[in-house]
Undergrad: 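Input: one structure, supplied below.
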Amino acid sequence: MTDTKDSDGLPSAGTSMSLSAAGQAEKISSEIYDLIDIKGKASNTGPGVSECGDKDPDKYFQIFHPWSFTPESPEKLNGVMERLKEELPKHGWKIVEYGPNTSKNKSIQLTADNDKKKHSVKITHFAKGKTPSLNLMVVSGCYQVPDGEKVDRF
């Protein structure tokens with residue numbers, strides 16, 4: 001997310017109440033889930049609210065939505081990261097990082113930004129281990145609450 005960055009490097013996501021912004025993050029997670037396009041189960045983790053760097057925590061916030069995906073059969077994840085690397089840009093995402101991470105297993109990791117939606121996603125494919133899965137973290141830009149309101153943290 002590159003435009004309208006503040007001194008903390010966080011882009012502005014506009015004005016919203018935290019509950020509404022959380023709904024937007026869940027919608028974006030659902031769109032990414034649809035792009036995975038494999039039968040399986042997503043965790044039922046809800047979004048949370050965090051601070052925006054050094055900005056006033058009563059007025060500014062970010063939404064984060066961590067979740068995981070476990071396929072019905074592990075081999076179904078073969079090639080999913082390469083497919084997501086191709087599919088995400090067709091839906092407004094820009095791939096900013098792709099490749100093995102620094103873990104012992106060198107898990108494939110993909111980071112993508114969507115400037116229009118003011119969100120980023122980091123997807124890690126844990127291929128080794130008893131239960132192969134994808135871990136996802138959707139994060140918003142920095143929201144400001146409307147005048148007279150305070151950030152609702154959950």
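When a residue number appears, it is its place in the shown sequence, counting from 1.
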Undergrad: Does the pair Gln24 and Ser140 meet the rule for a side-chain contact (heavy atoms from CB on, under 4.5 Å), with working shown?
TA: CA-CA 9 Å; Gln24 177 66 14; Ser140 74; over 6 Å; no
Undergrad: State whether a side-chain donor-acceptor pair under 3.5 Å links Asn105 with Ser107.
TA: no
Undergrad: If every non-hydrogen atom of Lys150 is compared with every non-hydrogen atom of Met17, which pair is closest and at what distance?
TA: O-CE, 4.0 Å
Undergrad: Is the ring pair Tyr143/Phe61 parallel, tilted or perpendicular, if the boundaries are 30 and 60 degrees?
TA: parallel
Undergrad: Please determine whether residues Ile95 and Val121 belong to a single hydrophobic cluster, defined as Ile, Leu, Val, Met, Phe, Trp and Tyr linked transitively by side-chain heavy-atom distances below 4.5 Å.
TA: yes
Undergrad: Nearest 0.5 angstrom please: Lys104 NZ to Lys128 NZ, how far?
TA: 9.5 Å
Undergrad: For a side-chain contact (heavy atoms from CB on, under 4.5 Å) check, start with the C-alpha distance between Leu84 and Tyr98, then their side-chain angles and the critical distance, and finish with the verdict.
TA: CA-CA 11 Å; Leu84 286 170; Tyr98 182 83; over 6 Å; no
Undergrad: What is the minimum heavy-atom distance between Gly141 and Ala13, and which atoms define it?
TA: C-CB, 3.8 Å
Undergrad: Between Ile63 and Leu10, is there a shared hydrophobic cluster once you connect ILVMFWY residues whose side-chain heavy atoms come closer than 4.5 Å?
TA: no
Undergrad: Is Tyr33 reachable from Ile28 through a run of I, L, V, M, F, W or Y residues, each pair having side-chain heavy atoms under 4.5 Å apart?
TA: yes
Undergrad: What's the shortest heavy-atom distance between Pro47 and Ala22, and which atoms?
TA: CG-O, 3.7 Å
Undergrad: Is a side-chain N or O of Thr111 found less than 3.5 angstrom from the main chain of Val96, in a donor-acceptor match?
TA: no
Undergrad: For the atom pair CD (Glu31) and NZ (Lys117), what is the distance rounded to the nearest 0.5 Å?
TA: 3.5 Å
Undergrad: What's the spacing between His91 NE2 and Asn114 CG if we round to 0.5 Å?
TA: 11.0 Å
Undergrad: Got a salt bridge between Lys85 and Glu82, using NZ or NE/NH1/NH2 to carboxylate O under 4.0 Å?
TA: no
Undergrad: What's the shortest heavy-atom distance between Pro132 and Ala127, and which atoms?
TA: CG-O, 3.6 Å
Undergrad: Between Gln62 and Val139, is a side-chain contact (heavy atoms from CB on, under 4.5 Å) present by the stated rule, with each step listed?
TA: CA-CA 7 Å; Gln62 274 187 289; Val139 180; 3.4 Å; yes
Undergrad: So which of Glu87, Lys76, Arg83 actually passes side chain to side chain contact (heavy atoms under 4.5 Å, CB included) with Asp37?
TA: Arg83
Undergrad: Looking at every non-hydrogen atom in both residues, tell me the closest pair between Ala25 and Val138 and how far apart they are.
TA: O-CG1, 4.3 Å
Undergrad: Measure the shortest side-chain to side-chain distance between Lys118 and Ser12 over non-hydrogen atoms and say whether it is less than 4.5 angstrom.
TA: no
Undergrad: Calculate, to the nearest 0.5 Å, the distance between atoms CG and CG belonging to Asn101 and Leu110 respectively.
TA: 12.0 Å
Undergrad: Linking I/L/V/M/F/W/Y whenever their side-chain heavy atoms sit closer than 4.5 Å, directly or via other members, would Trp67 and Val49 fall into one cluster?
TA: no
Undergrad: Just by modelled atom types, is the Thr45 backbone N or O under 3.5 Å from a matching donor or acceptor in the His65 side chain?
TA: yes
Undergrad: Are Tyr60 and Val145 co-members of a hydrophobic cluster defined by side-chain heavy atoms under 4.5 Å apart?
TA: no
Undergrad: How far does NZ of Lys41 sit from CD of Glu72, to the nearest 0.5 angstrom?
TA: 11.5 Å
Undergrad: For a 4.5 angstrom cut-off between non-hydrogen side-chain atoms, does Glu51 reach Arg153?
TA: yes
Undergrad: Is the CG atom of Leu19 crowded by more than 12 outside heavy atoms at less than 6.0 Å?
TA: no
Undergrad: Tell me, yes or no, whether the heavy-atom count around Asp147 atom CG, taken from other residues, nucleotides or ligands under 6.0 Å, exceeds 12.
TA: no
Undergrad: Of Met137, Gln109, Met81, which is the lone residue that meets side chain to side chain contact (heavy atoms under 4.5 Å, CB included) with Ile123?
TA: Met81
Undergrad: Let me know which of Ile32, Ile38, Val80, Thr124 forms a side chain to side chain contact (heavy atoms under 4.5 Å, CB included) with Leu134.
TA: Val80
Undergrad: Distance from Leu136 atom CG to Lys122 atom NZ, nearest 0.5 Å?
TA: 12.0 Å
